[in-house]
Amino acid sequence: MMKRVNKLAIELPRPEHGDMNGAAAVQELLGGKFGEMSTLNNYMYQSFNFRGKKKFKPFYDLVASITAEEFGHVELVANAINLLSFGNTFPGDPDMTPLQNGKDARYSLHFTTTAQAAYPGDGMGRPWNGEYVTNSGNLVADLLHNYLLEIGARTHKMRVYEMTDHPTARTMIGYLLVRGGTHIIAYAKAIEVATGVEVGKMLPVPSLDNNKFDYAKPFMDQGLYNVLYTWGEPEYRDISKIWKGKNPETGQQLTVIDGMPEGGRVPDFEELPEEFAPGIDRDDYQRILKRLMSSL
């Protein structure tokens, strides 16, 4: 089972103005081949289908733990897209063309399909594809795939970071650069334990130095580059048999936190009457409220 906590992985700044083309670029980090939907579904199906869970428990614990974190990453990117969509249109009579900005936006799906919110697809509007999942059943092959998947995801994050200077997007990307880099190291260590091959000597592929990204520095200062989580579940504590020693990039001690990230508030997004969302007027609301109160 999965337990949902009504928090984001971090607090995202609410912008004064959105950036509709920035939102389009960030979509790649959600539903692209190397986006968070791909990392989530790769690790999720590998954990569901893992053979020899008891015999190879530390490896199962590692994949399962990172799966849980990737759920939160999907949620975080989606909320960043939603915040980047703030203020891109205006309420008004339909004949005033209140959605006129959508005509020139690079990602028209945000205006026609999702009421200016995240879409489960890439930066060009292509839906996320299950063929992005690799679950061969071979432990070493899957760990190596995950290592390379995280490297690809990091490359995309660095590029999108350079595409938009919007603080909401960069805060989100800065955090994911830190956590994604952590996952690269985690899978490198898992491969080394399983095979004896020092994959870490290949690092950086690409550079794992987050200090060149201003929006990543606060998360580095918090030590988030050195930790993995058990999510408070004792079953996953054996990740400590893999996640131990020194971080090859920082030289700091690696730590397993028996819990979860502190997290931040989930944004409460405003109504968009020009998108007919949620499509409930004041009279409807009063009727709904009356029905809710009558059931107490």
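Model, not experiment: these values are computed from the prediction.
Counting heavy atoms from C-beta outward, Trp231 and Glu69 have side chains that approach closer than 4.5 Å. Taking the side chain as every heavy atom from C-beta outward, Ile239 and Pro58 never approach each other to under 4.5 Å. Counting heavy atoms from C-beta on, the side chains of Ile10 and Leu76 come closer than 4.5 Å. Counting only heavy atoms from C-beta outward, the side chains of His73 and Thr39 never approach each other to under 4.5 Å. The closest side-chain heavy-atom distance from Val74 to Glu70 is not below 4.5 Å. Between Met158 and Phe213 the shortest side-chain heavy-atom distance falls below 4.5 Å.
When the shell of 6.0 Å around CG of Asn6 is examined, it contains 12 or fewer heavy atoms from other residues, nucleotides or ligands. Counted within 6.0 Å of CZ on Arg265, heavy atoms from surrounding residues, nucleotides or ligands total 12 or fewer; the atom is thus considered open. Around NZ of Lys217, the count of heavy atoms belonging to other residues, nucleotides or ligands within 6.0 Å exceeds 12. The neighbour count for Tyr45 OH, taken as heavy atoms of other residues, nucleotides or ligands under 6.0 Å away, does not exceed 12. A 6.0 Å sphere centred on CD of Glu131 holds no more than 12 heavy atoms belonging to other residues, nucleotides or ligands. Residue Glu16 places its CD atom among 12 or fewer non-hydrogen atoms of other residues, nucleotides or ligands, all under 6.0 Å distant. The neighbour count for Glu271 CD, taken as heavy atoms of other residues, nucleotides or ligands under 6.0 Å away, does not exceed 12. Counting non-hydrogen atoms of other residues, nucleotides and ligands closer than 6.0 Å to CE of Met2 gives a total above 12.
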Checking Tyr43 against Phe48 for the ring-ring contact (aromatic ring centres under 6.0 Å, His included) test, could you report, in this order, the C-alpha distance in whole Å, the side-chain angles of both residues, the deciding distance, and whether it holds?
CA-CA 9 Å; Tyr43 311 154; Phe48 290 166; over 10 Å; no
For side-chain contact (heavy atoms from CB on, under 4.5 Å), just list the numbers for Leu139 and Phe50, CA-CA rounded to whole Å, side-chain angles, deciding distance to a tenth of an Å, and then say yes or no.
CA-CA 8 Å; Leu139 177 60; Phe50 198 103; 3.8 Å; yes
Take Arg154 and Ile151 through the side-chain contact (heavy atoms from CB on, under 4.5 Å) test and state the conclusion after the steps.
CA-CA 5 Å; Arg154 178 174 177 81; Ile151 288 173; 5.7 Å; no
Let's go through Arg179 and Phe219 carefully: what are the C-alpha distance in whole Å and the side-chain angles of both, what is the deciding distance for side-chain contact (heavy atoms from CB on, under 4.5 Å) to 0.1 Å, and is it a yes or a no?
CA-CA 9 Å; Arg179 295 306 299 157; Phe219 306 112; over 6 Å; no
Can Thr182 and Val227 be said to form a side-chain contact (heavy atoms from CB on, under 4.5 Å), step by step?
CA-CA 8 Å; Thr182 304; Val227 301; over 6 Å; no
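There is no path of hydrophobic side-chain contacts, each under 4.5 Å, that joins Val140 to Ile242. Under the 4.5 Å side-chain heavy-atom criterion for grouping Ile, Leu, Val, Met, Phe, Trp and Tyr, Val266 is not connected to Phe86 through any hydrophobic cluster. When the side chains of ILVMFWY residues are joined at heavy-atom separations under 4.5 Å, either directly or via intervening members, Met37 and Leu149 end up in a single hydrophobic cluster. Under the 4.5 Å side-chain heavy-atom criterion for ILVMFWY residues, a single connected hydrophobic cluster contains both Leu224 and Leu254. Tracing side-chain contacts under 4.5 Å through hydrophobic residues (I, L, V, M, F, W, Y), one never reaches Leu272 starting from Met96; they form parts of separate clusters.
Residue pairs meeting the salt bridge (charged side-chain N to carboxylate O under 4.0 Å, His left out) criterion with at least one member in residues 35-63, sequence neighbours excluded, are Glu36-Lys157, Lys57-Asp61, Lys57-Asp238. Within the structure, every pair that satisfies the ring pair (Phe, Tyr, Trp, His ring centres under 6.0 Å) test and touches residues 15-34, not counting sequence neighbours, is listed here: Phe34-His156. Every pair passing salt bridge (charged side-chain N to carboxylate O under 4.0 Å, His left out) that includes a residue from residues 107-125 is listed here, sequence neighbours excluded: Asp122-Arg126. Applying the salt bridge (charged side-chain N to carboxylate O under 4.0 Å, His left out) test to residues at least two apart or on different chains, the pairs with a partner in residues 73-95 are Arg4-Glu75. Applying the ring pair (Phe, Tyr, Trp, His ring centres under 6.0 Å) test to residues at least two apart or on different chains, none of the pairs has a partner in residues 242-296. Residue pairs that meet the salt bridge (charged side-chain N to carboxylate O under 4.0 Å, His left out) test with at least one member in residues 144-153, sequence neighbours left out, do not exist here.
Scored by the side-chain contact (heavy atoms from CB on, under 4.5 Å) test, Thr112 finds Leu109 as partners (sequence neighbours excluded). Contacts of Glu235 classified as side-chain contact (heavy atoms from CB on, under 4.5 Å), with partners at least two apart in sequence or in another chain: Glu233. For Asn101, the side-chain contact (heavy atoms from CB on, under 4.5 Å) partners two or more places apart in sequence, or in a different chain, are Met20. By the side-chain contact (heavy atoms from CB on, under 4.5 Å) test, Asp283 is found to be paired with Asp281, Arg287, residues two or more places apart in sequence or in another chain being considered. By the side-chain hydrogen bond (donor to acceptor under 3.5 Å, both in side chains) test, Asn226 is found to be paired with Asn247, Thr250, Gln252, residues two or more places apart in sequence or in another chain being considered.
Note that the OG atom of Ser65 and the OH atom of Tyr229 stand 9.5 Å from one another [nearest 0.5 Å]. Residue Ser240 holds its OG atom at 13.5 Å from CD1 of Ile257, rounded to the nearest 0.5 Å. Taken to the nearest 0.5 Å, the CD1 atom of Ile66 stands 8.0 Å off from the CG atom of Asn146.
In this structure, Arg106 contributes its side chain and Gly123 its backbone to a donor-acceptor pair below 3.5 Å. Under the 3.5 Å distance criterion, the side-chain polar atoms of Asp142 are matched with a main-chain donor or acceptor of Gly137.
Scanning both residues, Leu30 and Tyr119, for their nearest heavy atoms gives CD2-O, 3.4 Å. Taking every heavy atom of both residues into account, Asn79 and Pro267 meet most closely at OD1-CD, 3.4 Å. The two residues Ala25 and Met163 have their closest heavy-atom pair at CB-CE, 3.8 Å. A pairwise comparison of heavy atoms in His110 and Gln27 identifies NE2-OE1, 3.0 Å as the closest pair. Here the shortest heavy-atom pairing between Ala186 and Leu62 reads O-CD2, 3.8 Å. Considering all non-hydrogen atoms of both residues, Gly32 and Ser38 come closest at O-OG, 3.2 Å.
Here Lys212 does not pair with Asp209 in a salt bridge; the nearest charged N to carboxylate O distance is not below 4.0 Å.
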Can I get a per-line list of side-chain donor-acceptor pairs under 3.5 Å for residues 167-177, giving both atom names and the distance, sequence neighbours left out?
from	atom 1	to	atom 2	distance (Å)
Thr168	OG1	Pro13	O	2.8
Arg170	NE	Tyr161	O	3.1
Arg170	NE	Thr164	O	2.9
Arg170	NH2	Tyr161	O	3.0
Thr171	OG1	Pro167	O	2.7

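Side-chain atoms of Gln116 and Thr89 include a donor-acceptor pair closer than 3.5 Å. For His145 and Gln46, the side-chain atoms include no donor-acceptor pair closer than 3.5 Å.
Aromatic ring orientation, Trp128 versus Tyr132: perpendicular (interplanar angle above 60°, classes split at 30° and 60°).
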